[in-house]
Structures are given as C-alpha cells and as structure tokens.
Amino acid sequence: MEKIVSLCKRRGFIFQSSEIYGGLNGVWDYGPLGTELKNNLKQYWWQVMVRERDDVVGLDGAILTHPAVLKASGHVDTFTDPMVDCRTCKARLRADQLAEKNGVRQCPNCGGKDLTEARPFNLMFQTQMGASADPASIAYLRPETAQSIFVQFKNVLDVSRKKLPFGIAQIGKAFRNEINPRNFTFRSREFEQMELEYFCRPEQGMDLLAYWLKERIRFYEEIGISRKRLHVLDVPETERAFYSKGTFDIEYEFPFGRQELEGVAYRTDYDLQQHIKASGKPLDYFDEETKERFVPHVVEPSAGVDRTVLALICDAYDEDSAPDEKGKMETRIVMRFHPRVAPIKCAIFPLLRNKEALVAKAREVQALLRPHINVFYDEGGAIGRRYRRQDEIGTPFGVTIDFETLGEKGEELRDTVTLRDRDSMKQERVAIKDLPQLIPSKIR
Ligand code: ATP
C-alpha cells in the first residue's frame with residue numbers, strides 16, 4: 001500500500017487535501033491523472049447504466065438537503081456509529097474497531113484500558129442556510145445521493161413517462177463525518193457515489209436483486225478489475241437494514257484487506273413510504289394496464305467512485321522487468337489499467353527532440369488523434385525513459401515518430417510509425433492514417 005500511495009502522489013493521481021497547511025483529515029484532491037481516471041470511470045458507469053438502457057434516466061440532485069428529507073429517511077435519528085473515547089490518549093474511536101486482549105477492550109493507539117461507554121455519533125455534516133442562526137436554518141450535506149432520487153421520484157416519473165420497472169441514476173458527492181477516516185481514500189469524509197434506484201413491482205424485487213448483482217460484477221470486470229479479487233458477501237438478515245429483504249456487498253481484496261466496494265440492496269418500499277408519510281404527498285405509481293395504484297419497491301446498486309478508483313489503482317499496480325538503454329534488465333513499474341479507464345490512452349514521441357522534421361510530424365500525429373482519445377506528447381529524454389514514464393501511469397499505447405516515418409529508410413515506410421503496447425512491450429509498424437481508427441478500436 002505504501003508503494004501505491006507514494007506513486008499516487010509522485011505521479012499526480014491523488015494528493016492530501018490542504019497539504020501545505022498540514023492536510024485535512026479524510027479529504028483528498030485528485031491530481032491531473034487521478035481526475036482523468038475518475039472521469040473515465042464515471043463516464044463508463046453513466047454509459048452502461050443510463051445511456052445504453054431504455055429503462056434508466058439520470059438526475060443531478062443538490063448536495064444541500066432539507067432536514068425534513070433526512071428526518072424522514074431516518075438519517076437524523078439513526079445514521080450513527082457507536083463511538084468510544086480513550087481517556088488516556090484522548091483518541092476518538094469507533095466502538096467496533098477497538099482492540100481486545102484477554103476479553104478486555106483496549107485503545108488501539110496507546111493500549112489504554114480507560115475507555116468511555118459507547119455513545120452514538122451522527123455521521124452527518126450539518127450546516128446553516130442564510131444569515132440567521134436559529135434551528136430552522138439547519139441544512140445537511142447529503143450523506144448519500146439516493147434521497148434526492150426518492151424525493152424527486154414523482155417529478156421524474158411524470159416527465160420521463162417510464163413504466164415499471166425503471167430506474168433513476170445519479171453520480172455525485174456525499175459527505176460523512178467518519179470517526180476514523182483511514183486506508184488512504186477508502187474511508188473519506190467527502191466522497192462520490194454512483195447510485196441507481198431501480199423501481200419495480202413488489203413481486204419483482206428478489207429477481208431484480210439477483211439481476212443487478214450480476215450486472216454490477218460484470219461492470220467491474222469490464223473496467224479491468226480481476227474477478228478473483230472480487231467477492232460477494234450475502235449480508236445476513238441480522239446485519240441488514242431492517243427494511244431490506246436482501247443485500248449483497250461486492251467486496252474487493254485491497255492490500256489492507258477485503259472491503260466493500262458496492263452494496264446492492266433490495267430496500268422494499270421503505271424510502272418512498274417514509275417520504276409519503278412525512279410529506280403527505282402521493283409518491284405512488286398507477287399501472288395503466290392493471291389499473292392498480294401502488295408504491296413501487298426498489299433495488300439499489302450503490303457504488304463508491306473513490307473506492308473503485310482505489311481498487312483500479314491497486315489492481316493495476318505491477319512490477320516486472322524491462323531492458324534499460326544499455327540492454328540491462330531493470331525493474332519496471334507498470335500500471336496495467338484497462339485501456340477503457342487509463343488516464344492517457346496514447347503517448348506520442350518524436351525519436352529526437354532536436355530534429356525539427358520529427359517534432360513537426362509528431363505534433364501532426366498529436367493533432368490527428370486528439371479529437372478521438374486523450375493523448376500526451378513527450379519529447380524529453382531517451383526514448384526508453386519516456387516509455388517507462390508512461391508505463392508507470394498506465395498509458396496503454398505509445399507512438400514513436402522516427403526516421404522511417406520521414407521516408408529516410410525507404411519510401412514504403414514513409415508516414416508509418418511504431419505503435420508500442422504497454423503490456424507486451426511489442427512494437428508494430430502502422431500507417432499514421434490508420435491510427436484514429438486503430439487505437440480507439442483497441443480501447444473499446
Ligand atoms: P461502510 O460500511 O464501509 O461504512 P456503508 O455500508 O455505510 O459503507 P453505503 O451506505 O452502502 O456504505 O454506501 C454505498 C457506497 O458508498 C459504499 O459501498 C462505498 O463504496 C461508498 N462509501 C460509503 N462511505 C464511504 C466513505 N466514507 N468513503 C468512501 N466511500 C464511501
């Protein structure tokens with residue numbers, strides 16, 4: 001994990017937020033490459049979950065949330081973690097993360113045994129709307145994106161004219177005042193979720209739960225996460241939310257242990273019923289065919305963007321060996337990102353930077369590819385070092401413009417380049433004019 005954290009900083013994937021002021025605990029900023037990776041992940045999720053389906057539409061709800069929404073959903077009263085204070089070192093700890101020795105609870109920081117009783121600690125961030133400080137001005141930063149979907153259910157149903165089963169999808173920030181943010185970005189206080197609320201008839205709930213579990217596993221495979229590091233936990237009834245008739249956690253084997261990436265839960269009609277009760281508004285569905293009016297049930301696949309980015313990084317990290325300039329084998333760090341999510345798809349190198357004709361041709365290739373894929377131009381240093389820098393950030397393809405390209409080694413090679421594959425390190429000679437079709441075809 002240390003190697004991964006260090007690479008993330010060194011190459012600009014993830015930085016500690018407010019680092020120059022000592023850092024803000026549990027909050028992270030994504031650097032240039034992290035931003036590309038994260039955007040690719042979110043776009044792919046949106047592509048398969050919304051755009052390629054007839055039965056799902058999108059929503060982009062507000063972060064600031066009316067307290068009544070979160071009162072009705074249960075978050076104000078029950079969205080808590082039990083918390084314990086260590087009287088010796090003053091650490092604030094999650095009760096379920098205490099160490100235990102011979103049946104005695106201990107502080108995992110200092111080993112102290114003088115601990116307070118567990119108290120509930122609400123995980124929501126509260127803020128104030130407007131100038132007055134009275135309780136009526138309280139608002140919350142949303143702890144999940146799902147609630148705005150439930151609250152807007154009727155509006156979306158009316159405008160989209162969808163029939164059951166259908167879903168509403170959302171990607172956006174969520175905030176939780178986690179007691180112990182840890183494991184790099186895994187448990188953060190500000191993070192992003194990708195959630196789908198898939199509404200259905202009650203009798204469809206269990207089948208759709210199984211359907212969405214399968215779909216979601218396929219998604220992780222499609223973005224390149226190895227199946228053998230993914231696990232499904234069938235959450236036992238005693239550990240599920242009381243309203244859930246079935247929940248699966250999709251877990252990933254992180255270097256720090258097997259942990260949840262996504263929850264796929266059959267939430268019954270709990271959320272809509274709560275909002276009906278609290279708002280007094282009808283959030284029901286009228287089935288034109290059967291002439292029935294009822295409150296739909298819902299299956300929710302809820303994934304974390306940051307946790308998936310971290311899983312992508314952990315899964316991609318690899319070390320092998322490759323020859324250096326003198327042909328001596330050296331250790332190569334290579335991020336084996338699936339081309340679909342790789343921050344940069346293709347690097348473009350003129351063989352020498354002081355040969356004007358090579359540079360001009362390389363710039364031409366850059367301009368040719370830019371409208372199709374994210375490319376990166378690099379002319380600095382020996383070509384082997386430039387390959388290595390791209391391997392380390394997971395760029396799947398590299399194009400080198402050499403003297404053959406200029407026609408100096410025979411007319412038949414004019415306007416051809418070498419196309420290098422990151423994983424096999426093999427190079428093939430291809431025509432420049434074929435690149436705009438060829439490279440995207442290897443990415444999809
Ligand atoms: P955990 O048990 O790890 O706290 P959870 O079961 O409370 O997670 P959910 O409420 O089901 O999480 O949220 C759905 C998804 O949102 C999680 O699967 C995870 O990917 C993401 N998520 C939740 N909390 C955090 C967090 N503090 N930091 C980053 N991602 C998070």
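Fair warning: this is a prediction, and the values are worked out from it, not measured in the lab.
In the displayed structure, K245 atom NZ is contacted under 6.0 Å by at most 12 heavy atoms of other residues, nucleotides or ligands. For K162, the NZ atom counts as densely surrounded, since its 6.0 Å shell holds more than 12 non-hydrogen atoms of other residues, nucleotides or ligands. For E2, the CD atom is loosely surrounded, since the number of other residues' heavy atoms within 6.0 Å does not exceed 12. Heavy atoms of other residues, nucleotides or ligands lying less than 6.0 angstrom from CD of E356 number 12 at most. Shown here is M129, whose CE atom has no more than 12 heavy atoms of other residues, nucleotides or ligands within 6.0 Å. At most 12 heavy atoms of other shown residues, nucleotides or ligands fall within 6.0 angstrom of atom CZ in R51. No more than 12 heavy atoms of other residues, nucleotides or ligands lie within 6.0 Å of CZ in R161, so this atom counts as exposed by the packing criterion. Within 6.0 Å of CG in D54 there are 12 or fewer heavy atoms belonging to other residues, nucleotides or ligands.
Qualifying ring-ring contact (aromatic ring centres under 6.0 Å, His included) partners for Y44, counting only residues two or more places apart in sequence or in other chains: F219. Residues that satisfy the side-chain hydrogen bond (donor to acceptor under 3.5 Å, both in side chains) test with D324, not counting sequence neighbours, are absent from this structure. For V50, the side chain to side chain contact (heavy atoms under 4.5 Å, CB included) partners are W46, V56, A169, not counting sequence neighbours. Residues forming a side chain to side chain contact (heavy atoms under 4.5 Å, CB included) with D318 (at least two apart in sequence, or on another chain): V334, R336. With sequence neighbours excluded, the residues forming a side-chain hydrogen bond (donor to acceptor under 3.5 Å, both in side chains) with E392 are R10, R11, listed by chain and number. Residues meeting the side-chain hydrogen bond (donor to acceptor under 3.5 Å, both in side chains) test with R389, sequence neighbours left out: D378. For Y270, the ring-ring contact (aromatic ring centres under 6.0 Å, His included) partners are F242, Y243, not counting sequence neighbours. Under the side-chain hydrogen bond (donor to acceptor under 3.5 Å, both in side chains) criterion, R422 pairs with no residue at all, not counting sequence neighbours.
One finds no salt bridge joining D415 and K433 here, because no Lys/Arg side-chain nitrogen approaches an Asp/Glu carboxylate oxygen to under 4.0 Å. A salt bridge between E215 and R218 is present, with a side-chain N of the basic residue lying under 4.0 Å from a carboxylate O of the acidic one. Look at K163 and E289 and you find no salt bridge, because none of the NZ, NE, NH1 or NH2 atoms lies under 4.0 Å from a carboxylate O. Electrostatic pairing of K154 and D158 does not count as a salt bridge here, judged by no charged N lying under 4.0 Å from a carboxylate O. Using a 4.0 Å cut-off between charged nitrogen and carboxylate oxygen, R216 and E222 do not count as a salt-bridge pair. Salt bridge annotation for D81-R94: present, with a cationic side-chain nitrogen under 4.0 angstrom from a carboxylate oxygen. A salt bridge links K3 to E319: one of the charged nitrogens lies within less than 4.0 Å of a carboxylate oxygen. Classification of K38 and E192 as a salt-bridged pair holds, one side-chain N sitting under 4.0 Å from a carboxylate O. In summary, R189 and E178 do not engage in a salt bridge, as defined by a charged side-chain N under 4.0 Å from a carboxylate O. Taking the charged nitrogens against the carboxylate oxygens, D421 and K442 have no contact shorter than 4.0 Å, which rules out a salt bridge.
Annotation: side-chain hydrogen bond (donor to acceptor under 3.5 Å, both in side chains) contacts involving residues 57-72, sequence neighbours excluded, comprise K71-D77. Every pair passing ring-ring contact (aromatic ring centres under 6.0 Å, His included) that includes a residue from residues 163-208 is listed here, sequence neighbours excluded: W28-F184, F153-F199, F166-F199, F186-F254, F186-F256, Y198-W212. Sorted by first then second residue, the ring-ring contact (aromatic ring centres under 6.0 Å, His included) pairs that include residues 296-322, not counting sequence neighbours, are Y266-H297.
Formation of a donor-acceptor pair under 3.5 Å by the S137 side chain with backbone atoms of S132 is found in this model. Here the side chain of N40 pairs a donor or acceptor atom with the backbone of A342 at under 3.5 angstrom. Judged by distance alone, with hydrogens and angles left aside, the side-chain atoms of R420 form no donor-acceptor pair with the main-chain N or O of K426 at under 3.5 Å. One N or O on the side chain of T35 and one on the backbone of Y30 form a donor-acceptor pair closer than 3.5 Å. Side-chain atoms of S244 never come within 3.5 Å of backbone atoms of R240 as a donor-acceptor pair (strictly under, hydrogens ignored).
Using a 4.5 Å cut-off on side-chain heavy atoms (C-beta onward), V295 and L283 make no contact. In this structure the side chain of L312 reaches within 4.5 angstrom of the side chain of I223, judged on heavy atoms. Under the 4.5 Å side-chain criterion, counting only non-hydrogen atoms from C-beta, N180 is in contact with Q97. A heavy-atom distance below 4.5 Å is found between the side chains of Y285 and L157.
For the residue pair Q366/R363, the side-chain donor-acceptor check at 3.5 Å is satisfied.
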Please table the atom pairs, donor to acceptor, closer than 3.5 Å between any side-chain atom in residues 396-405 and protein atoms at least two apart or in another chain.
from, atom 1, to, atom 2, distance (Å)
T400, OG1, Y387, OH, 2.9
D402, OD1, E404, N, 3.3
D402, OD1, T405, N, 3.2
D402, OD1, T405, OG1, 3.0
D402, OD1, R429, NH2, 2.8
D402, OD2, R429, NH1, 3.1
T405, OG1, D402, N, 2.9
T405, OG1, D402, O, 3.1
T405, OG1, T416, O, 2.9

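Between M124 and N122, the shortest heavy-atom distance links the atoms N-OD1, 2.8 Å. Of all the heavy atoms in C200 and L208, the pair that sits closest is CB-CD1, 3.4 Å. Scanning all heavy atoms of the two residues, the minimum distance from E262 to A303 falls at OE1-CB, 3.3 Å. Minimum interatomic distance between E144 and Q193 (heavy atoms only, all atoms of both residues): CA-OE1, 3.1 Å. Here the closest heavy-atom approach between residue S226 and residue D315 is recorded as N-OD2, 3.0 Å.
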- Task: Please assess E330 against R388 for the test salt bridge (charged side-chain N to carboxylate O under 4.0 Å, His left out), listing each intermediate value before the final yes or no.
- Result: CA-CA 11 Å; E330 60 174 8; R388 222 51 93 239; 3.3 Å; yes
- Before giving the answer on side chain to side chain donor-acceptor pair (under 3.5 Å), spell out for E19 and Y21 the whole-Å C-alpha distance, their side-chain angles and the decisive distance to 0.1 Å. CA-CA 5 Å; E19 192 189 70; Y21 292 103; over 6 Å; no
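Applying the side-chain contact (heavy atoms from CB on, under 4.5 Å) test between F248 and each of L233, V235, L213 identifies L213 as the sole match.
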